[in-house]
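Here's the structure, in structure tokens; my notes come after.
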Amino acid sequence: MIPPFALARPASVSEAIATFADAGQDAAWYAGGTELLQVMKMGLARFGTLIDLKGLPELRGIAVDASGALVIGGAVTHREIERSSIVGRELPGLVGLEAHVANVRVRNQGTIGGNLCFAEPHSDPATFLLACDAHVELWGAGGARELPIDGFFLEPFVTARTPDEILLAIVIPKAAAGEGRAYEKAKFRERPAVSVAVRLRVAGDAIVEAVVAVGSMTDIPVRVPEAGTALAGAPADPSALGAPLAAGAEAMAELDAVGDLDGSADFKRHLAGVLLRSATRAALSEAIARA
Amino acid sequence: MRRVTTRATPPSPIGESVPRRDGIAKVTGAARFTSDLSVPGMAWAKILRSPYPHARISSIDTAAALALPGVIAAVSAADLADVELYYGHALADHPLIAHGVVRYGGEPVVGIVAEDPATAEEALALVSVEYDPLPVVTTVEAALAPGAPILHEREAEQRPQRGFEEAIERDHPNVCSSSTQRWGDIDAAFAGADLVVEGDFRYPISYAYAMEPYTAIAHWSDGGLTVWSSCQHPFMVRDDLARCFHLPLSAVRVIVPYVGGGYGSKSYTKIEPLTAALALRADRPVKLALSIEESILTTRGDGAVVHIASAFDGDGRLRGRRAEILLNTGAYAENSPLVGRKAANRICGPYRIPAVDVTCRAIYTNTSPASSFRGFGAPQGIFAGESQMDEAAERLGIDPLEIRRRNVVRPGEALWSKARGMDADLDADLLLAADALAWDTPARPGRGRAICISASDAGSEPVTTSLLRVHADGSVTVTVGSTEIGQGSSTVLAQIAAAEMDLPLDRVHLLQSDTTAASYDRSTGASRTTTLVGLAIQAAARDARSQLLEWARDALAGGGTVEPAKGGVLVAGVHHDWGAIVRAWFAGAGGEVVGRGYLRRAGSMTAMPPFWEIGCVGAEVSVDEETGQIRVERLVTVGDVGCAINPQLVESQDVGAAIMGLGIALSEELVYTPEGSLLNGNLVEYRVPRASDIPPFTAILAERGDGVGVYGAKGGGEGALNPVAAAVANAVRRATGIRLHEAPFTPERVWRALRERDPGREGDG
Ligand SMILES: Cc1cc2nc3c(=O)[nH]c(=O)nc-3n(C[C@H](O)[C@H](O)[C@H](O)COP(=O)(O)OP(=O)(O)OC[C@H]3O[C@@H](n4cnc5c(N)ncnc54)[C@H](O)[C@@H]3O)c2cc1C
């Protein structure tokens, strides 16, 4: 049962920030509530005031900015992303990802900002956005700032965001020519068991740059630079990737995997290798199509 | 749905898929479940649960909780000296609230009653309880190891409602009960065998998820107790309540409103004694509505460790089977003595075996108490036994279908001495499943198929009654004690009454599950309702009709002749319907006739079990060898139900049971750490199948009129669950060459087995 709380419904971000300041330590941002209310119900957290972000125009909407980057408002739901034609055009991998987050009830209610700020280590978007080099825009009592997503997640359930800051938007750079971005996961129950995201760029007939991220395997989603290095320089030919993929899988096997209900650390390492193969191939075919 | 029928055509509306009577109320939200009800003056309860899986309670302080405005009572065992704390229909070992010791994490320790649920919840945090932790056992192996902590120091009373005749045997303090099944010369059977297969199998602790959590309202008034509860067996609950509160049965009334699913989880007594005790101390009607997470802590299915050996002749005929089953029964007996009894019987399979030596022991551990679960002791052993049938077939070079055909008992043949002869054609069932899987054509590469079969001694005890009242307008009220838990009994039983009285269905109404207003039924379980309650209704209808015939002769024919006719009688060529007879006999506008139907262990119900419930399932699977995920490509069920009173309802039972079996085969397992923490006691982490998990499905109904029930019917609803895990495991074997010994077959378990199959496989590109 959720202990009683006050619900504030500010009309703008600045009003929201003022409300937060008034409520002090006792307030929390409230978006879809799919995590927050659960945590309160379980008695793990108690807040006197919930400040509803869903109505803030600054956090709504999906757009492409002047630089061509994709900008997704912090209070946009999974379902809205899944159905967005803009995202479908700019970052098709994210549409596919969102379509398989949780179940339709959670997708309809839960937001991407809530997902990232809650920082549950089994996050689909967090892993993909890491590989995509995204950054987040925050706005709090001390003003606005931008943080790269790489470094945003500090520990399970802990981010670099301060409690008073609102995640306004997620910004994902436009794909360069010859760039492909793909995400693959193994999922046995609600959340991913392990997932791997790959962003790579081809020039001529070689992969010239690759970034690999893995999620649900270590205590927070991480990039695996050695796996990216293993792929960079490889031929842009899916049938000729055996050795680089094996080296990438080995690099992932070095990570400090954490076993959970979906499987032991060993099994997770194995899955990461499997997913690296499929994600790399998918990224490569997108890259070749964009070259 | 495919129907294969060789029975006689029954009267309308038998065999017709009439819409379920509770359907519209349920889908429109008009149906009122226990949690929708309230009683004037009602207060709300919340339960403080033990954080420790095993501990002595050294002190309980409720003063601060009681001081919170709105709190009415804070109750622990110390406050219930006038109540018999220990209940249990088999072994009275279960205190309605922890009594000095807690034996599983989540056991109720203090109950708070308050004016509203939020206040009750808030008060929980103000109760302070001190515990002295005790050593913990969560597995059967640990519970039987030397020096293991003993869960129950006190010898519990054995109760007559245990469901079997022999006394409960206990050869170790942590053994809750033990059962055996023995016949033939087992040593000779194994000594002379051409092939012996032997192995260990593990079946998970599972949760019989029902959408509605446990809910009860208790109201003391007029020297008696009324309880509304989401329970399957109101009369059994009444017995426990009467005993706990020293009341005659007639002073306890248990009423069951709409129920949101049971699957065994709501059989027998759960939160009713606790709710009644809280109402007694609060001196107010009290509602206790658990969450799903609390329901998971309340009961679950028995996990099992099975050691089994089967001896065969060279031609695949079974010579003998030895098995030792250890059930992980959790902290209290609940219904596990009966589950264990049935597990010992059911592991023998539907086969002719000259010699059998089976022991099943139910073991206490510091986990939530296990009780009934759809399938009831069958799937644990069938997984093991049916895996061995395929293993033997493979080693002897016999087709897995053929080895089963050689061993299944024939119609009329008894599985063990004194048992009812087989009331089903198992060979024909196997062939139906084979046909649906196109058994004769090879499976596509990467796929494997299997067919498994089981027989359960079902029906429980044949003790049930029914009253059928024909009113002055000729319409009928039928009272029965069995519960509509979603299986469709309110529809099927009305169909039977309508057919027996020659009435349109809309002239028949049912009153179910009210221990004062409805009539007695032992239980709603063991797939018994259609068969046993159906027979009681038939008897009541016949009794009503014979009285009506008498009355017609008396009041309409002046003692002369009357001719029975459809829906009434003919007197001198004139038709009089039932209502006319009633009105004439009472010589007024009102009155009614009361037909009585009793079913007991006599006549057609002398041989036990009342009927055999068959499970016959085919599966085709493929396996993603990289992730270890099993994909079920097709599932086939053969529902051998004698006569499908309502075919669509039978089909949903078979599909539902098979999918529930699939859940356990693939994902469902409550995971306990050795220290006794439950890691996934919620529906996000305990993965129940969803609509999107249902594979392509073929449901076949075999109706041969061979059941003991009305129109040749016999029970269904559980059978299709029992062979599913075995069928999936055997199909995986044929697809990949791996043999799975532990359910659920999670991706990691499959992957590990694949790794064992080909060591050094890792690292391919
Ligand atoms: C059953 C279930 C299954 C799930 N499965 C998956 C899955 O498969 N993959 C996956 O990736 N995720 C999964 N999730 C997580 C899901 O994506 C998140 O629950 C959801 O996106 C959270 O968003 P919300 O708007 O509901 O957040 P809320 O619950 O409202 O908030 C969560 C936290 O973030 C803070 N917060 C929210 N928005 C902001 C903001 N804009 N600025 C600052 N702080 C903010 C809140 O204060 C709170 O601390 C699952 C969740 C559930 C319940």
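This is a predicted model, so every value here is computed, not measured. All chains are named by letter (A, B, ...) in the order of the sequence lines, taking the proteins before the strands, and each is independently numbered beginning at 1. Only heavy atoms go into these numbers, but all of them, side chains included; no hydrogens, no water, no symmetry mates.
- A 6.0 Å sphere centred on CD of A/Glu226 holds more than 12 heavy atoms belonging to other residues, nucleotides or ligands.
- For chain B, no part of A/Asp260 is nearby; none of its heavy atoms comes within less than 4.5 Å.
- Residues from residues 119-128 of chain B that place a non-hydrogen atom less than 4.5 Å from a non-hydrogen atom of chain A comprise B/Glu121, given in numerical order.
- More than 12 heavy atoms of other shown residues, nucleotides or ligands fall within 6.0 angstrom of atom CZ in B/Arg739.
- For the atom pair CG of A/Leu271 and CD of B/Glu748, the computed distance is 8.5 Å after rounding to the nearest 0.5 Å.
- At a 4.5 Å heavy-atom cutoff, the contact between B/Arg690 and chain A is made by side-chain atoms alone.
- Environment of NE2 in A/His100: sparse, with no more than 12 heavy atoms of neighbouring residues, nucleotides or ligands closer than 6.0 Å.
- Contacts between B/Gln629 and chain A at a heavy-atom distance below 4.5 Å involve the side chain alone, from C-beta outward.
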One pair to check against side-chain contact (heavy atoms from CB on, under 4.5 Å): A/Met1 and B/Lys46. What are the steps and the verdict? CA-CA 10 Å; A/Met1 218 165 241; B/Lys46 292 279 173 189; 3.6 Å; yes
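- Counting non-hydrogen atoms of other residues, nucleotides and ligands closer than 6.0 Å to CG of B/Asp116 gives a total above 12.
- In this structure, A/Lys41 and B/Ser291 have side chains that are not in contact, with every pair of non-hydrogen atoms separated by 4.5 Å or more.
- Closest non-hydrogen pair, A/Arg189 versus B/Asn680, comes out as NH1-ND2, 4.5 Å.
- A/His270 places no side-chain N or O within donor-acceptor distance of the main-chain N or O of B/Thr627, the cut-off being under 3.5 Å.
- Between B/Ser667 and A/Phe188, every side-chain heavy-atom pair lies at or beyond the 4.5 Å cut-off.
- Contact of B/Val671 with chain A is made through the side chain alone, with heavy-atom distances under 4.5 Å.
- Here CE of A/Met42 is found 8.0 Å from CD of B/Glu293. Values are rounded to the nearest 0.5 Å.
- Considering all non-hydrogen atoms of both residues, B/Arg752 and A/Ser264 come closest at NH2-OG, 3.1 Å.
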